S.K.: 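Could you have a look at this structure, given as structure tokens, before my questions?
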Amino acid sequence: MFLSVFDMFKVGIGPSSSHTMGPMVAAARFLQQMRAAPFTFAGVRASLHGSLAFTGVGHATDRATILGLAGFEPASYDADKAAAALEDIAARKRVTPEGLPELRFDPSRDLVFDYDRTLPGHANGMILMATDAQGDVILSQVYYSIGGGFVMTEEELAAGKATDEGAPVPYPFKSASEMLDMARRSGKSIGAMKRANEIARNGEANLRAGTARIWQVMSDCIDRGLSTEGTLPGGLYVKRRAKAIHDALVAERGLNLTPPHVINDWMSAYAMAVNEENAAGGQVVTAPTNGAAGVVPAVLRYYLDHVPGASSAHVEDFLLTAAAIGGLVKYNASISGAEAGCQAEVGSASAMAAAGLCAVMGGTPAQVENAAEIALEHHLGMTCDPVKGLVQVPCIERNGLGAIKAVSAASLALRGDGTHLVPLDACIETMRQTGADMSEKYKETSLGGLAVNVPNC
């Protein structure tokens, strides 16, 4: 099992990796399928199902699908070009993706939110269709957005877990117990094993440049959020708070009366800054998802700016260690809120951040595994119930608390010797089972919890 650090950390756009990035990626894949097909196409259509239908408008799924069919992709997304394209499509009822003829596409007619039919493979399902001159469907494909920007076709999902057909890697662990056993036998840290795997696949230069870019995008996102005021879009009129909190913290610096727990406010401000940017549709990094994008960068910024002796030379090790833990969660359970609730998103992110912090503060592999387990264990059962289907309430503050839990988990693990009662593998399996048992109304459908007990205006 190999999931690259660049699978877990992907540059994209808000507000949702599964509901915004995923549909855009699916549309890009469908355009590629159309380009390779021997047919003459005249139009395209799309239908959204399950969670993509119920919370699609709040997550900009419609916008993402339209832009994806027009040729936009998350990694190269340009907000100004996208706005112009949407205006043009609304006026002309046409999309013009590169390498294909101009295609009929009327968003009001050809993009359907199907609330009645949930596709069998996953809660986030969509069908993309291409039509001929008469309007008959001559090519179609079912896609599932399975969390974190990952997309699988109906056939890929039916074949089982994604197979890894790349070059062999030196440390192919697929469970935490295998990871720890390999660390003991090799004498390497988790980050070092992950680094060796990445280099075997993509080369050292690509790894260094890629992780540097990931952290730069994360850090820039924090800075934008800390300097931006206003009200978030979507109709809840949620005010951005990260800037005001940060300004107050800066003003209090050096005062002897500041209580120690104020460090929690710094972490919350960093995390909330990211998720306010995400809610506004800005550029973020999946970590492992958009809804949980603030936890890992907040903890990494906390380490760099507040921990004595911290060094930017350790950023890569932090990200590699975090990605190793995230890969285990994704492979053995889920990182999708629509599949397992927010325990799969903020819970996974907190475990990843705890592991990364523990590693760069000198933790052994056993302590790193312990830190990840502590953080994940105390998110078990957390539901995903966004008010009005927006990635705002409770999502933004929840990232702050996820960061605080991650730091506490790493600190507790560093106080021990790595031995503990509940293995990380058992915790991940418990999360999977809990997600399977969880009512669908608590899994990103906005049909239960806070979503129905808080006024949507």
Side-chain angles (χ1 to χ4, degrees), residues 1-30 32-33 48-52 56 59 61 64-65 68 73-75 77 119-128 141-166 174 198 201-202 210 214 278 284-293 296 319 322-349 351-352 384 391 428 431-432 435 443-444:
M1 191 278 292
F2 175 79
L3 282 168
S4 172
V5 63
F6 305 118
D7 290 325
M8 301 312 300
F9 299 119
K10 295 189 286 288
V11 177
I13 56 168
S16 171
S17 50
S18 59
H19 287 59
T20 314
M21 289 175 61
M24 192 179 286
V25 169
R29 289 188 61 180
F30 189 63
Q32 284 292 88
Q33 189 175 347
L48 306 173
H49 301 262
S51 181
L52 291 186
H59 287 77
T61 308
T65 303
E73 296 186 41
Y77 180 81
L119 301 181
H122 191 277
N124 294 331
M126 63 190 300
I127 305 173
L128 298 178
Q141 181 65 62
V142 175
Y143 291 96
Y144 294 106
S145 180
I146 61 173
F150 290 89
V151 171
M152 298 180 76
T153 65
E154 181 178 40
E155 294 76 17
E156 290 167 346
L157 196 67
K161 291 181 178 177
T163 56
D164 181 12
E165 299 176 350
K174 61 181 182 292
E198 294 286 342
R201 286 292 176 91
N202 301 310
I214 290 298
N278 179 63
V284 298
V285 176
T286 63
T289 66
N290 281 30
V296 168
L319 294 175
I325 299 302
L328 293 178
V329 177
K330 179 180 176 1
Y331 184 78
N332 294 295
S334 176
I335 58 170
S336 168
E339 193 170 27
C342 198
Q343 59 173 356
E345 297 207 24
V346 170
S348 299
M352 292 165 64
C384 181
V391 193
I428 292 173
M431 189 188 81
R432 187 196 66 78
K443 294 195 282 190
E444 210 167 357

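Residue numbers start at 1 and run along the sequence shown. Quantities reported herein were computed from a predicted structural model and do not represent experimental measurements.
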S.K.: Enter the distance from Glu444:CD to Leu52:CG here, rounded to the nearest 0.5 Å.
M.R.: 8.5 Å
S.K.: Just do the side chain to side chain contact (heavy atoms under 4.5 Å, CB included) check on Met431 and Val329 with the steps written out, would you?
M.R.: CA-CA 9 Å; Met431 189 188 81; Val329 177; 3.7 Å; yes
S.K.: Going by side chain to side chain donor-acceptor pair (under 3.5 Å), Gln141 matches just one of Arg29, Glu155, Glu154. Which one?
M.R.: Glu155
S.K.: Examine distances only and state if a side-chain atom of Tyr144 and a backbone atom of Gly121 form a donor-acceptor pair shorter than 3.5 Å.
M.R.: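 It does hold such a pair.
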S.K.: Going from NZ on Lys443 to CD on Glu339, what distance comes out if it is rounded to the nearest 0.5 angstrom?
M.R.: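 Result: 7.5 Å between the selected atoms.
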S.K.: Once you round to the nearest 0.5 Å, how far does CZ of Phe150 lie from CG of Asp7?
M.R.: 4.5 Å
S.K.: If we ignore hydrogens and angles and just use 3.5 Å, is the side chain of Glu198 paired with the main-chain N or O of Val5 as donor and acceptor?
M.R.: yes
S.K.: Over all heavy atoms of both residues, which pair between Pro15 and Asn278 is shortest? Give the atoms and the distance, please.
M.R.: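 Pro15 and Asn278 have their closest heavy atoms at O-ND2, 2.6 Å.
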S.K.: For Thr65, which residues count as a side-chain hydrogen bond (donor to acceptor under 3.5 Å, both in side chains) partner, sequence neighbours excluded?
M.R.: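 Counting only residues at least two positions away or on another chain, Thr65 forms no side-chain hydrogen bond (donor to acceptor under 3.5 Å, both in side chains).
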S.K.: Is there a donor-acceptor contact under 3.5 Å from the side chain of Ser17 to the main chain of Asn290?
M.R.: yes
S.K.: Taking only residues two or more places apart in sequence or in another chain, which ones pass side-chain hydrogen bond (donor to acceptor under 3.5 Å, both in side chains) with Thr61?
M.R.: none
S.K.: Can you confirm whether the side chains of Glu345 and Thr289 place a donor and an acceptor under 3.5 Å from each other?
M.R.: yes
S.K.: Give the minimum heavy-atom separation between Gly210 and Phe6, together with the two atoms involved.
M.R.: C-CE2, 3.3 Å
S.K.: Mind listing the closest non-hydrogen atom pair of Ser51 and Asn124 along with its distance?
M.R.: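 Nearest pair, atom of Ser51 first, then Asn124: CB-OD1, 3.2 Å.
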S.K.: Rounded to the nearest 0.5 Å, what separation is found between the NE2 atom of His59 and the CG atom of Leu48?
M.R.: 13.0 Å
S.K.: Rounded to the nearest 0.5 Å, what separation is found between the OH atom of Tyr77 and the OG1 atom of Thr20?
M.R.: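 The distance works out to 9.5 Å.
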S.K.: If you measure from CG on Leu3 to CE on Met8, what distance do you get to the nearest 0.5 Å?
M.R.: 6.5 Å
S.K.: For Ser145 and Gly22, work out which heavy atoms get closest and say how close.
M.R.: OG-CA, 3.5 Å
S.K.: Looking only at atom types and distance, does a side-chain atom of Thr153 sit under 3.5 Å from a main-chain N or O of Val142, one as donor and one as acceptor?
M.R.: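 Absent.
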S.K.: Tell me the closest heavy-atom pair linking Met126 and Leu119, and the distance in Å.
M.R.: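 Where Met126 meets Leu119 most closely, the heavy atoms are N-CD1, 3.7 Å.
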S.K.: For a quick test of reading the model, state the closest non-hydrogen atom pair linking Val151 to Ala26 and the distance between them.
M.R.: CG1-CB, 4.0 Å
